[in-house]
**Student:** 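This is the structure I want to talk about, given as structure tokens.
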Amino acid sequence: MQYWLLKSEPDSFGIDHLQRSKSTVWDGVRNYQARNYLRTAKVGDLGFFYHSKVQPPGIAGLCRVTATTVVDPTQFDPTSQYFDSKSTPEAPRWQTVKVAFVEKFPNYLTIDTLRARFAESELMILQKGSRLSVTPVGSATAERILDLARA
DNA sequence: GCCAACGTTGGC
DNA sequence: GCCAACGTTGGC
């Protein structure tokens, strides 16, 4: 079982949205490295739900992968901001996962807290200039995050 | 709103 | 296949 960190802007879709909708297709990933990570995800993997572009940014909750190699439908929707004119249904470029809500953490872990508690090498999002919206998290690091978030 | 860091595009 | 120009991300 692998842990991930998934970034989202809560102004468009945050942990509260996921709690209400119960599950969602993690659409809109348009970066090949992030997509490649998503392709390796397995059902049952757990994802830390990270709120970006808000003050303060941080880890807000947990979700679980419930389906893999899901074709991102927004790539074929000309009205979507994620429309990709070069992708075809025969050879879709963008696969993703479906995730279900697991929990909203009692403690929101801000990026300052994360920086204080974890090394850059443990959490890729702490690295300067890191923009990847999907990153793997080691199990030892993940367990420490869970301890802090639920304490 | 700024801007550093990074990814993508496309002419050559 | 190089690389300049451009677009985007995301913390501040």
Side-chain angles (χ1 to χ4, degrees), chain A residues 2-21 23-41 45-65 68-99 101-138 141-142 144-151:
Chain A
Q2 171 73 48
Y3 286 94
W4 304 95
L5 187 144
L6 303 173
K7 277 197 252 188
S8 184
E9 298 178 23
D11 288 346
S12 52
F13 193 86
I15 191 73
D16 292 333
H17 295 92
L18 184 60
Q19 183 163 25
R20 266 182 263 122
S21 66
S23 72
T24 192
V25 172
W26 199 261
D27 61 18
V29 172
R30 292 294 179 270
N31 171 287
Y32 287 104
Q33 209 179 334
R35 181 206 63 182
N36 292 344
Y37 277 134
L38 285 175
R39 279 179 168 173
T40 70
D45 284 0
L46 294 172
F48 293 106
F49 198 122
Y50 180 89
H51 284 178
S52 66
K53 280 245 164 189
V54 283
Q55 192 52 246
I59 292 174
L62 192 68
C63 58
R64 176 185 290 107
V65 174
T68 59
T69 52
V70 176
V71 174
D72 183 339
T74 61
Q75 68 195 306
F76 305 126
D77 176 3
T79 67
S80 168
Q81 61 174 315
Y82 302 120
F83 177 65
D84 184 347
S85 61
K86 293 179 183 155
S87 186
T88 64
E90 295 73 31
R93 276 190 181 184
W94 306 107
Q95 294 87 30
T96 184
V97 296
K98 192 172 182 184
V99 297
F101 177 81
V102 175
E103 67 182 293
K104 182 177 178 178
F105 291 135
N107 302 323
Y108 179 75
L109 299 180
T110 68
I111 195 167
D112 283 348
T113 300
L114 295 173
R115 282 191 198 289
R117 301 279 187 157
F118 298 92
E120 285 189 12
S121 55
E122 293 179 288
L123 278 178
M124 292 173 69
I125 50 150
L126 297 181
Q127 289 164 19
K128 191 179 166 97
S130 168
R131 296 181 355 189
L132 265 190
S133 62
V134 180
T135 49
V137 178
T141 304
R144 285 167 55 213
I145 294 173
L146 290 170
D147 285 346
L148 288 170
R150 290 167 173 164

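Numbered from 1 within each chain, the chains take letters A, B, ... in sequence-line order.
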**Student:** Tell me which one of L46(A), D45(A), I145(A) satisfies side-chain contact (heavy atoms from CB on, under 4.5 Å) with Y3(A).
**Tutor:**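 When side-chain contact (heavy atoms from CB on, under 4.5 Å) is applied between Y3(A) and each of L46(A), D45(A), I145(A), only L46(A) qualifies.
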
**Student:** Any side-chain heavy-atom pair from Y37(A) and Y32(A) closer than 4.5 angstrom?
**Tutor:**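 Of all side-chain heavy-atom pairs linking Y32(A) with Y37(A), none is under 4.5 Å.
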
**Student:** Tell me which residues in residues 112-121 of chain A put a heavy atom below 4.0 Å from DNA chain B, sorted by number, or none.
**Tutor:**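 Nucleic-acid contacts, sorted: none.
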
**Student:** Counting heavy atoms not belonging to R64(A), are there more than 12 under 6.0 Å from its CZ?
**Tutor:**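 Open: at most 12 neighbouring heavy atoms sit under 6.0 Å from CZ of R64(A).
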
**Student:** Decide whether T74(A) and D72(A) meet the rule of one side-chain donor and one side-chain acceptor closer than 3.5 Å.
**Tutor:** yes

**Student:** For T68(A) and A41(A), work out which heavy atoms get closest and say how close.
**Tutor:** CG2-O, 3.1 Å

**Student:** Identify which one of R115(A), R117(A), R144(A) satisfies the salt bridge (Lys or Arg N to Asp or Glu O under 4.0 Å) criterion when paired with E122(A).
**Tutor:**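 Single pass found, and it is R144(A).
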
**Student:** Mark up nucleotides 3-12 of chain B, 5' to 3', with B wherever a protein heavy atom is under 4.0 angstrom from a base atom, S wherever such an atom reaches only the sugar-phosphate, and - elsewhere.
**Tutor:** --BBSS-S--

**Student:** With I15(A), which of Y108(A), F105(A), Y50(A), F49(A) fulfils side-chain contact (heavy atoms from CB on, under 4.5 Å)?
**Tutor:**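 Only one of Y108(A), F105(A), Y50(A), F49(A) forms a side-chain contact (heavy atoms from CB on, under 4.5 Å) with I15(A), namely F49(A).
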
